[in-house]
Every structure is written in structure tokens, then in C-alpha cells.
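Reviewing the structure listed below.
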Amino acid sequence: MDTKVAKLLNEQINKELYSAYLYLDFSNYYAEEGLDGFENWYRIQAQEERDHAMLFYQYLLNNGQKVTFEAIAKPEWEMGDRMAPLKAGLAHEKYVTSLINDIYAAAFEVHDFRTMQLLDWFVKEQGEEEKNASDMITKMELFGTDAKGLYMLNSELKGRVYSAPSLVL
């Protein structure tokens, strides 16, 4: 495996674990706000990010690459109203999309088709992640200022259940 591609994949493990920390922080924020549905949604989101890290980890191991762990930074975002985590989440997903695109470009440059195939799943996943984050903002804008609407939205988010990714490495 090309050293640059391996390095970027290794760094992505850290970025995915940071994403999990960030979403756990959002979950904690909503727990303190008494919005258990939003808390649940972001707790599950954190689990997904940990799984993404593990997919990259396993892929590197499967390809004979050494994995090096770095410190995971403290989550940084501007606390504010109930919309703040949602907007920070969308901005973060766009950032992660740019990281995946950078790895894809590096793999393409060296004709690493196997890594590109792995990344195809992540490209699709990031499209879904950005849409979900955007939809959350739209729903909060529509219903978040009305107590009954917020209750219904919170109840909807409370129903989210975790399902592990089905990606064969």
C-alpha cells in the first residue's frame, strides 16, 4: 500500500474517533437539556463513528499496515441554543467528507483500486450523513420553537436504533 494512502487512512481512524467524542458531547448537551430523543440520536451517531474507525483499522491490518494511535482531541464547538449542536454536526460532516475525498484522491493518484473500493462505501455514507444532519436542522427550524412540535421531534429521534455497517473488507 502506498505510504501516503496508509498514512491518511491511519489519520482517519483518529478523525472518526474524534467524531464519536464530538457526538457524545452533543448527546451529553441534549441530556442536560432534557431532550432524550436528541440524546439518543447522537449517542447512536457516536457508535457509528466508532464503527467507521474500526473499519479503517481492520482495513489497514488486513493490508499488512501498522496502525498508530494518536491522542484524540477534546471536542470543540460553540455551545448555544438547541440548534448549535445540529449546525456544528453538519459542518463536521462536511469536514469529514472532505477528508474522505482527500484519501480517495490520494488512492486514485497511485491507482489503489482496492482502497478506492473501500472508500466508495464511505463516500455514499457521507452523503447520507450530510443529508441526515441537514434534515435535523430543517426539522428543528420547522418544529423546534413549538413545544408540541419539539416533543414530537424528540419522540421521533428517541426511536432511532443502532445498526452496524454491513461492509465486507
Side-chain angles (χ1 to χ4, degrees), residues 8-9 11-59 69-104 117-169:
L8 290 170
L9 289 169
E11 290 171 355
Q12 191 63 30
I13 294 169
N14 182 276
K15 302 293 186 185
E16 297 292 341
L17 292 172
Y18 173 82
S19 297
Y21 269 33
L22 179 65
Y23 291 144
L24 280 176
D25 206 27
F26 292 173
S27 181
N28 190 47
Y29 168 84
Y30 284 119
E32 291 173 3
E33 289 287 308
L35 293 168
D36 57 351
F38 285 83
E39 173 195 5
N40 176 63
W41 200 90
Y42 276 112
R43 195 170 355 98
I44 290 171
Q45 197 64 25
Q47 179 64 44
E48 282 189 7
E49 302 304 338
R50 287 190 301 268
D51 283 349
H52 294 169
M54 293 306 297
L55 288 169
F56 285 117
Y57 172 80
Q58 191 61 54
Y59 181 76
F69 297 107
E70 300 295 333
I72 300 169
K74 179 181 177 184
E76 296 288 334
W77 60 284
E78 288 285 328
M79 287 194 189
D81 63 9
R82 293 176 183 152
M83 185 68 83
L86 303 179
K87 289 182 178 179
L90 177 58
H92 184 71
E93 288 301 339
K94 288 179 178 183
Y95 169 67
V96 172
T97 297
S98 76
L99 296 172
I100 298 296
N101 290 342
D102 289 346
I103 301 168
Y104 202 104
Q117 185 177 23
L118 167 78
L119 293 171
D120 284 340
W121 184 88
F122 282 96
V123 168
K124 181 177 181 273
E125 175 72 6
Q126 282 309 119
E128 292 171 9
E129 297 286 12
E130 285 187 31
K131 177 156 182 5
N132 289 339
S134 181
D135 288 351
M136 293 272 289
I137 291 170
T138 299
K139 288 178 180 181
M140 183 63 99
E141 287 172 343
L142 289 170
F143 310 115
T145 57
D146 172 68
K148 289 179 184 175
L150 182 60
Y151 175 81
M152 295 293 288
L153 180 55
N154 188 63
S155 295
E156 175 187 323
L157 298 176
K158 197 173 182 179
R160 183 182 187 195
V161 294
Y162 175 74
S163 66
S166 58
L167 176 64
V168 178
L169 300 176

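Quick note: residue numbers are just sequence positions, from 1.
- Among residues two or more places apart in sequence or in another chain, the salt bridge (charged side-chain N to carboxylate O under 4.0 Å, His left out) test is passed with E48 by R160.
- Partners of D135 by side chain to side chain donor-acceptor pair (under 3.5 Å), not counting sequence neighbours, listed by chain and number: K131.
- In terms of the side chain to side chain contact (heavy atoms under 4.5 Å, CB included) criterion, residue partners of A164 (sequence neighbours excluded) are, by chain and number, D51, Y162.
- Looking at Q126, its side chain never comes within 3.5 Å of a backbone N or O of K94 through a donor-acceptor pair.
- Here the CE-CG distance, from M140 to L157, works out to 8.5 Å after rounding to the nearest 0.5 Å.
- With sequence neighbours excluded, no residue forms a side chain to side chain donor-acceptor pair (under 3.5 Å) with E76.
- Atoms CD1 and CG, on I100 and L8 in that order, are 10.0 Å from each other to the nearest 0.5 Å.
- With sequence neighbours excluded, the residues satisfying ring-ring contact (aromatic ring centres under 6.0 Å, His included) with Y18 are H92.
- Between the CE atom in M79 and the CD atom in E32 there is a gap of 7.0 Å [rounded to 0.5 Å].
- Inspection of the D120 and Y104 side chains reveals an N or O donor paired with an N or O acceptor under 3.5 Å.
- Heavy atoms only, all atoms of each residue included: L119 and I103 are closest at CD1-CG2, 3.5 Å.
- Although no hydrogens or angles enter the test, the distance criterion places no donor-acceptor pair under 3.5 Å between the side chain of N14 and the main chain of F69.
- In this structure L24 satisfies the side chain to side chain contact (heavy atoms under 4.5 Å, CB included) test together with R43, A46, R50, sequence neighbours excluded.
- Of all the heavy atoms in D25 and P75, the pair that sits closest is OD2-CB, 3.8 Å.
- R82 meets the side chain to side chain donor-acceptor pair (under 3.5 Å) test with E33; sequence neighbours excluded.
- The side-chain heavy atoms of L153 and L142, taken from C-beta on, include no pair separated by under 4.5 Å.
- Between G89 and Y23, the closest heavy-atom pair is O-OH, 3.6 Å.
- With sequence neighbours excluded, the residues forming a salt bridge (charged side-chain N to carboxylate O under 4.0 Å, His left out) with K158 are D36, listed by chain and number.
- Under the ring-ring contact (aromatic ring centres under 6.0 Å, His included) criterion, Y29 pairs with W77, not counting sequence neighbours.
- Remark: I137 pairs with M83, L86, K87, L90, E141 by the side chain to side chain contact (heavy atoms under 4.5 Å, CB included) rule, at least two apart or across chains.
- Checked against salt bridge (charged side-chain N to carboxylate O under 4.0 Å, His left out), K139 has the following partners two or more places apart in sequence or in another chain: E156.
- A 4.5 Å side-chain heavy-atom check between Y42 and L22 finds every atom pair outside the cut-off.
- With contacts defined as side-chain heavy-atom distances shorter than 4.5 Å, the pair F122/E129 does not qualify.
- With sequence neighbours left out, K124 forms a side chain to side chain donor-acceptor pair (under 3.5 Å) with E128.
- Remark: the backbone N or O of K15 is paired with a side-chain donor or acceptor of S19 at under 3.5 angstrom.
- Judged by distance alone, the side chains of Q12 and E16 do bring a donor and an acceptor atom under 3.5 Å apart.
- Between I13 and L9, every side-chain heavy-atom pair lies at or beyond the 4.5 Å cut-off.
- From H52, atom NE2 reaches atom CD of Q47 across 10.0 Å, with rounding to the nearest 0.5 Å.
- Ring to ring, F56 and Y59 are not that close: their centroids are 6.0 angstrom or more apart.
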